[in-house]
Undergrad: 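Shown below is the structure under consideration.
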Amino acid sequence: SANTTANIGQAGSNGGTYTVHILNRSSSSAFVQLGVGDSSATFANAQKLLENTLLAPDESISFSPIVAGASDYIIGRSTVASVNMVMMGHDE
């Protein structure tokens, strides 16, 4: 959903290193946020990695490396609903 912070994924019990791919499938530009934190689906205690980064329609970006601690959440948010965020990588 637009303007809703959501978990993209969660690191394993020993943490890990990840890449997040973000794709704007909308016909509108989107502002995206990305972060790592120990609380589910919130930026309250998160380390922000991207803050209001503009993605044009049909544009994609990748953010890497994301080093997360034990059981940290990778979280994202977009101003447009048709934005996909996918996490890939490996647990330590």
Side-chain angles (χ1 to χ4, degrees):
S1 298
N3 297 310
T4 302
T5 305
N7 294 329
I8 301 168
Q10 186 176 16
S13 60
N14 292 318
T17 305
Y18 309 95
T19 298
V20 172
H21 299 284
I22 304 171
L23 171 64
N24 182 3
R25 298 180 298 112
S26 173
S27 59
S28 301
S29 292
F31 287 95
V32 296
Q33 297 176 352
L34 181 66
V36 177
D38 58 4
S39 298
S40 178
T42 180
F43 283 107
N45 298 322
Q47 175 70 41
K48 288 258 184 114
L49 303 174
L50 296 176
E51 175 71 40
N52 291 324
T53 299
L54 180 64
L55 273 179
D58 300 322
E59 185 176 36
S60 65
I61 60 171
S62 294
F63 194 92
S64 178
I66 299 171
V67 179
S71 301
D72 277 352
Y73 294 92
I74 311 299
I75 53 179
R77 182 180 178 99
S78 171
T79 57
V80 174
S82 296
V83 172
N84 292 72
M85 297 184 185
V86 177
M87 180 177 104
M88 294 181 244
H90 60 90
D91 295 334
E92 298 299 323

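FYI, side chains are in, hydrogens and waters are out, and symmetry mates aren't considered; it's all heavy atoms of this structure.
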Undergrad: Do F43 and V80 share a hydrophobic cluster, counting only Ile, Leu, Val, Met, Phe, Trp and Tyr and linking them when any side-chain heavy atoms are less than 4.5 Å apart?
TA: no
Undergrad: Using a 4.5 Å cut-off on heavy atoms from C-beta on, say whether the side chain of I66 contacts that of V36.
TA: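 Counting from C-beta outward, V36 and I66 do come under 4.5 Å.
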Undergrad: Between P57 and S27, what is the shortest heavy-atom contact and its length?
TA: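 That would be CG-O, 3.3 Å.
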Undergrad: For A30 and V83, which heavy atoms make the closest approach, and how far apart are they?
TA: CB-CG2, 3.9 Å
Undergrad: Enumerate the residue pairs fulfilling salt bridge (Lys or Arg N to Asp or Glu O under 4.0 Å) with a member in residues 33-56, sequence neighbours excluded, ordered by first and then second residue.
TA: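 The answer is K48-E51.
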Undergrad: Would you compute the distance between atom CD1 of I75 and atom CE of M85 and round it to the nearest 0.5 angstrom?
TA: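 If I round to the nearest 0.5 Å, the distance is 10.5 Å.
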Undergrad: With heavy-atom distances below 4.5 Å as the criterion, would you say the side chains of M88 and V20 are in contact?
TA: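 SC-SC contact between M88 and V20 ruled out.
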Undergrad: Closest heavy-atom contact between S13 and A70?
TA: O-CB, 3.1 Å
Undergrad: Can you name the side chain to side chain donor-acceptor pair (under 3.5 Å) partners of Q47, sequence neighbours left out?
TA: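 For Q47, no residue satisfies side chain to side chain donor-acceptor pair (under 3.5 Å) once neighbours in sequence are set aside.
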Undergrad: Check whether any side-chain heavy atom of I74 sits under 4.5 Å from a side-chain heavy atom of L34, and report yes or no.
TA: yes
Undergrad: Would you indicate whether the side-chain heavy atoms of S60 and H21 approach each other to under 4.5 Å?
TA: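 No; the side chains remain at least 4.5 Å from each other.
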Undergrad: Under the 3.5 angstrom rule, does the side chain of T5 hit a backbone N or O of A41 as a donor-acceptor pair?
TA: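 The answer is no, because no donor-acceptor pair under 3.5 Å joins these two groups.
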Undergrad: Looking only at heavy atoms, which two atoms of F31 and N52 are closest? And how far apart?
TA: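 Heavy atoms only, the tightest pair is CD2-O, 3.4 Å.
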Undergrad: Let me confirm one number: the OG-CD distance from S29 to E59, rounded to the nearest 0.5 Å.
TA: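 Result: 8.0 Å between the selected atoms.
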Undergrad: Kindly indicate, with the supporting measurements, whether the criterion side-chain contact (heavy atoms from CB on, under 4.5 Å) is fulfilled by N84 and I22.
TA: CA-CA 6 Å; N84 292 72; I22 304 171; over 6 Å; no
Undergrad: Please confirm whether the backbone N or O of S71 pairs with a side-chain atom of Q10, one donor and one acceptor, at under 3.5 Å?
TA: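 Yes; at least one donor-acceptor contact below 3.5 Å.
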Undergrad: Does the side chain of L50 come within less than 4.5 Å of Q33's, by heavy atoms?
TA: no
Undergrad: Holding to side chain to side chain donor-acceptor pair (under 3.5 Å), I want the full list of residues that pass it with T42, two or more places apart in sequence or in another chain.
TA: none
Undergrad: Would you tell me whether S64 and T19 have side-chain atoms, one donor and one acceptor, within less than 3.5 Å of each other?
TA: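 A pair is found: one side chain offers a donor N or O, the other an acceptor, under 3.5 Å apart.
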Undergrad: Could you walk me through whether L23 and L55 pass side-chain contact (heavy atoms from CB on, under 4.5 Å), step by step?
TA: CA-CA 8 Å; L23 171 64; L55 273 179; over 6 Å; no
Undergrad: Can you name the residues that form a side chain to side chain donor-acceptor pair (under 3.5 Å) with S28, not counting sequence neighbours?
TA: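 Residues passing side chain to side chain donor-acceptor pair (under 3.5 Å) with S28: none at all.
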Undergrad: Write down the atom of T17, the atom of P65, and the distance for their closest heavy-atom approach.
TA: CG2-CB, 3.8 Å
Undergrad: Which pairs, with at least one residue in residues 12-26 and sequence neighbours excluded, count as a salt bridge (Lys or Arg N to Asp or Glu O under 4.0 Å)?
TA: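 Those involving residues 12-26 do not exist here.
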Undergrad: Answer yes if the side chains of D91 and Y18 hold a donor-acceptor pair under 3.5 Å, and no otherwise.
TA: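 D91 vs Y18: donor-acceptor pair found between side chains.
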Undergrad: According to side chain to side chain donor-acceptor pair (under 3.5 Å), who are the partners of S40, at least two apart in sequence or on a separate chain?
TA: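 S40: side chain to side chain donor-acceptor pair (under 3.5 Å) contacts with N7.
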